[in-house]
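Naming: A, B, ... by sequence-line order, numbering from 1 per chain.
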Amino acid sequence: MDRDGVAQHEPRGAACGDRAPPERRERGIRVARSAAHEASQSREGGERLVRSDASRSGRRQRDHPPFVEPGPAAGVGPPARRRRFIVFSSLQFSMADDKKLTTRAADFSAWYNEVVLRAELADYSPVRGCMVIRPNGYGIWERMQRTLDDMFKATGHQNAYFPLLIPQSYLAKEAEHVEGFAPEVAVVTHGGGKKLDEPLIIRPTSETIIYSMFAKWVQSYRDLPLLINQWANVVRWEMRTRLFLRTLEFLWQEGHTAHTTHDEAEEEARRMLGVYSDFMEGHMAMPVITGLKSNSERFAGALRTYSCEAMMQDNKALQAGTSHNLGQNFAKAFDLKFQAEHGGIEHAWNTSWGVSTRLIGGLVMTHADDNGLRTPPLLAPIELVIVPIYKTDDERAQMLEAADRVVEMLHDWERREPGRLRVHVDTRDGMKPGAKYYEWELRGVPLRMELGPRDLAKNEAVLVRRDTREKRPVSLNAIGEEVNELLMRIQDDMLIAARERREANSVRHTISYGDFKELMEGKGGFVYAGWCGGAECEAQIKEETKATIRVLPDEEFRSAEAPANCLKCGRPSTAEAVWARAY
RNA sequence: CGGGACGUAGCGCAGUCCGGUAGCGCACCUGAAUGGGGUUCAGGGGGUCGCGGGUUCGAAUCCCGCCGUCCCGACCA
């Protein structure tokens, strides 16, 4: 499978750092606060200070003293703004303000790295091309896993786990597959101090080991379909890496199924593509275009590859998930056969499909802005952060108490919608409210509640949306409904905004090849154009513009009027294609 | 693999040309004040100058070799 996904082998419960202690979880609200909060915080890391220059490489974690202790008043404040030059790519940008991110307009690539590092989603590891996924990033991944896993179960799949190490000879059994993957496979040659008789490869994907095992388990058509998923890590030795988008090791999920007929496998491949698309739009608020890959972009060993393609804010495409109809290629290579209902031995038909932690990169490049991350509520480890505002110790005590009451009210409301809200109260002292606002915005928490004496006197609180930064006072009487409604609206609005952005940067009218080249060299975007179906035209366009066919779009995405001629050669078009530069 | 930049405190950097025993900002610690959009002030701790060798009375600095990182390109399910 390809690199769209990532995974993790641990079942979701493990290491899930993003929530409060169990007792609190049972009530459905995750509250982290005061002493208990601090304790959980050191585990979670999810709520941790990011200070002004927490930037380019992660900052080490700190634990804060419980709020009852006098806070560090002194050293907290960053001083005046300072000029500084950072080198990203070969360009130099002067950052007038240390605290501000490089803007998307100034250097998209630098901006992306800064958001990932400063929002503490991930950090570089000592090994080139590898990264550490930090609690903030892993919390998002856990939410993705949880949702996807439920969707896989709902479509009849079961989880299993296959080993990391695979005999090297297995890879070679499917000709196209080995050709596609061999160059980027890591090989283990020694173990226990001795050279191995047969080297082992570290899985770049698990088709070979999984279908060899399927072959042992399947005898009859009654054993089919076999619908398996695994959450795992894989390794591909890439030349050039980027945080989340392309790393040597990544986490993903790979589904592998076996069926009695081609049509059933085809239906499965399409079904899982739909699951991905639903997840990306419904949970990530990231609209995608689905369709078939051209042969040159097809998975090594597959009959057909389907893909979900999303448009990032720099107008480049991101392949966000793929689903393959593998035909009988692997079944033949691994002797995966069954006795058919009416006699005779037949090879099974397989599918595989995957998404990876690359989705987190997609989330950042779809939603983050010049102030930092924006997380759709459904995937946010913290959905609502409460920032108490006060001057005196008395006021502080009052506000913290009020915050507790609000949490309780949310909890009461939640009895009707259990498990919905993930709330955090920011009790840190010695940090001004404004500083907290910036920090939570950088981290992408979708909704913030400001709670101060003036609000409380009116039995109100101020809610601030991360996506629009719109502020509005709300009565505490109906706080549960207000918060929930706003979160749902944020979720919806983020999808709408992303879809509008994509459409605004898509070209559907007939375009000359010259204009196309110019567009690809300039602002980019998705271009719907005709294609003669020839690999030569495709290759030449790639050569000359770096644009590739992202997909031959499914019907719902096609233009009202099918393009008549090939973008490159002008011969009659056999299919509409979406062209773009891609990650 | 080619091109570029770089490696000095947790982070970002200056110092290297012209050798003299390491500095700045942030972060961190202590105290006080402050607190509705990135707080002040005062005090304080922290460095095998990537690694190895050489030159020298003396090396972050000069010479040789190595390692590593990032960016651009090539490559890429």
Side-chain angles (χ1 to χ4, degrees), chain A residues 1-5 49-62 65 70-92 95 97-100 107 109-110 113 117-118 123-129 176-177 180-181 183-184 204-205 207 234 236-243 246 250 252 293 296-302 305 307 319 321-322 324 352 354 356 358 371 387-393 395-396 399 429-442 448 450-455 462 464 469 471 546 548 582-583:
Chain A
M1 322 261 69
D2 110 49
R3 82 172 22 265
D4 333 313
L49 287 206
V50 181
R51 270 343 175 3
S52 52
D53 72 358
S55 51
R56 279 138 282 279
S57 60
R59 170 139 290 273
R60 100 195 111 107
Q61 304 191 335
R62 328 173 312 162
V76 205
R81 339 202 126 174
R82 191 164 52 74
R83 285 193 93 68
R84 201 256 306 301
F85 292 85
I86 350 174
V87 180
F88 270 111
S89 66
S90 40
L91 300 170
Q92 287 202 325
M95 288 178 68
D97 187 334
D98 223 6
K99 295 170 177 173
K100 288 212 160 66
D107 184 341
S109 191
N113 283 336
L117 294 170
R118 289 179 58 176
D123 202 352
Y124 292 106
S125 89
V127 176
R128 174 196 78 88
E176 231 182 86
H177 192 62
F181 280 102
E184 55 185 55
T205 178
E207 274 78 4
V234 291
R236 296 178 186 181
W237 217 262
E238 303 286 356
M239 303 296 269
R240 244 187 102 203
T241 57
R242 297 199 63 191
L243 293 169
R246 178 170 285 110
F250 57 95
W252 75 347
K293 284 288 190 185
S296 70
E297 301 269 326
R298 202 184 55 208
F299 175 69
T305 288
S307 172
Q319 178 174 298
T322 47
H324 317 290
S352 69
S356 74
R358 177 181 241 202
N371 297 309
V387 179
I389 296 159
Y390 49 82
K391 291 193 177 70
T392 63
D393 284 350
E395 277 181 348
R396 178 163 201 274
M399 290 314 119
D429 199 7
M431 193 175 176
K432 295 181 74 169
K436 293 182 179 179
Y437 301 163
Y438 279 96
E439 182 187 306
W440 292 113
E441 283 174 8
L442 176 63
R448 175 175 82 234
E450 303 174 3
L451 193 59
R454 297 206 293 263
D455 307 305
V462 175
V464 188
R469 294 179 122 195
K471 287 193 181 198
K546 292 183 189 162
T548 51
Y583 278 96

For [N], the Watson-Crick or wobble partner whose two distances fall under 3.5 Å:
| N | answer |
| --- | --- |
| A59(B) | none |
| G25(B) | C11(B) |
| C17(B) | none |
| C70(B) | G4(B) |
| G38(B) | none |
| G52(B) | C64(B) |

(request) Tell me, please, which residues at least two apart from Ala302(A) pass side chain to side chain contact (heavy atoms under 4.5 Å, CB included). (result)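 Listed in chain order: Arg298(A), Phe299(A), Thr305(A), His324(A), Leu326(A).
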Of the candidate nucleotides [options], which contains the atom at the shortest distance from the side chain of [X]?
| X | options | value |
| --- | --- | --- |
| Glu184(A) | G36(B), G37(B), C76(B) | C76(B) |
| Arg469(A) | G37(B), G36(B), C70(B) | G37(B) |
| Met239(A) | G36(B), A74(B), C76(B) | A74(B) |
| Tyr124(A) | G35(B), C70(B), G37(B) | C70(B) |
| Lys471(A) | C71(B), G37(B), G38(B) | G37(B) |
| Arg246(A) | G35(B), C76(B), G36(B) | C76(B) |

(request) State whether Lys436(A) places a side-chain N or O below 4.0 Å from either non-bridging phosphate oxygen (OP1 or OP2) of G35(B). (result)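 Answer is no, no contact under 4.0 Å.
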(request) Report yes if a side-chain nitrogen or oxygen of Lys391(A) is closer than 4.0 Å to either non-bridging phosphate oxygen (OP1 or OP2) of G36(B); otherwise report no. (result)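 No, outside the criterion.
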(request) Nearest-nucleotide wise, let me know which of Gly452(A) and Ser307(A) is further upstream toward the 5' end of RNA chain B. (result)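 Looking at RNA chain B, the more 5' nearest nucleotide goes with Gly452(A).
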(request) Find which nucleotide of RNA chain B each of Lys546(A) and Ala302(A) is nearest to by heavy atoms, and output the residue with the more 5' nucleotide. (result)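 On the 5' side of the pair lies Lys546(A).
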(request) Assess whether one donor atom and one acceptor atom, taken from the side chain of Arg236(A) and the base of C76(B), lie less than 3.5 Å apart. (result)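 When only heavy-atom distances are counted, Arg236(A) does not reach the base of C76(B) through any donor-acceptor pair under 3.5 Å.
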(request) Measure distances between side-chain N and O atoms of Glu441(A) and base N and O atoms of G38(B), and say whether any donor-acceptor pair falls under 3.5 Å. (result)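 No such pair is found, so the answer is no.
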Spacing between [X] atom [atom1] and [N] atom [atom2], to the nearest angstrom:
| X | N | atom1 | atom2 | value |
| --- | --- | --- | --- | --- |
| Glu450(A) | G35(B) | CD | P | 16 Å |
| Arg454(A) | G35(B) | CZ | C1' | 12 Å |
| Asp393(A) | G35(B) | CG | C1' | 11 Å |
| Arg396(A) | A33(B) | CZ | P | 15 Å |
| Ile389(A) | U34(B) | CD1 | C1' | 15 Å |
| Trp237(A) | C76(B) | CH2 | P | 18 Å |
| Arg242(A) | G73(B) | CZ | P | 10 Å |
| Asp107(A) | C70(B) | CG | P | 16 Å |

Spacing of the [atom1] atoms in [M] and [N] (rounded, Å):
| N | M | atom1 | result |
| --- | --- | --- | --- |
| C67(B) | C11(B) | C1' | 23 Å |
| G47(B) | G10(B) | C1' | 11 Å |
| G20(B) | C62(B) | C1' | 14 Å |
| G15(B) | U8(B) | C1' | 9 Å |
| C71(B) | A59(B) | P | 36 Å |
| U61(B) | G7(B) | C1' | 15 Å |
| A74(B) | G37(B) | C1' | 47 Å |
| G19(B) | G58(B) | C1' | 8 Å |

(message) Within the 4.5 Å heavy-atom criterion, are Arg454(A) and Ile389(A) side-chain neighbours or not?
(response)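 No, every pair of side-chain atoms sits at 4.5 Å or beyond.
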(message) Within the 4.5 Å heavy-atom criterion, are Glu207(A) and Ser352(A) side-chain neighbours or not?
(response)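 The answer is yes, as the side chains (C-beta and beyond) meet within the 4.5 Å cut-off.
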(request) Measure the distance between the ring centre of Tyr438(A) and the centre of the six-membered base ring of G38(B), then answer whether it is under 5.5 Å with planes under 30°. (result)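 According to the criterion (under 5.5 Å, under 30°), yes, Tyr438(A) stacks.
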Any donor-acceptor pair under 3.5 Å linking the side chain of [X] with the backbone of [Y]?
| X | Y | result |
| --- | --- | --- |
| Arg358(A) | Gln319(A) | yes |
| Asn113(A) | Ala110(A) | no |
| Glu297(A) | Lys293(A) | no |

(message) Side chains of Tyr437(A) and Asn371(A): any donor to acceptor distance under 3.5 Å?
(response)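 Side chains of Asn371(A) and Tyr437(A): no pair found under 3.5 Å.
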Just to be sure I understand the rule, does [X] reach a base, reach only the sugar-phosphate, or reach nothing, if contact means heavy atoms closer than 4.0 Å?
| X | answer |
| --- | --- |
| Val462(A) | base |
| Glu297(A) | base |
| Pro183(A) | nothing |

(message) Could you measure the distance from the CZ atom of Arg396(A) to the OH atom of Tyr390(A)? Nearest 0.5 Å is fine.
(response)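 The CZ atom of Arg396(A) sits 4.0 Å away from the OH atom of Tyr390(A).
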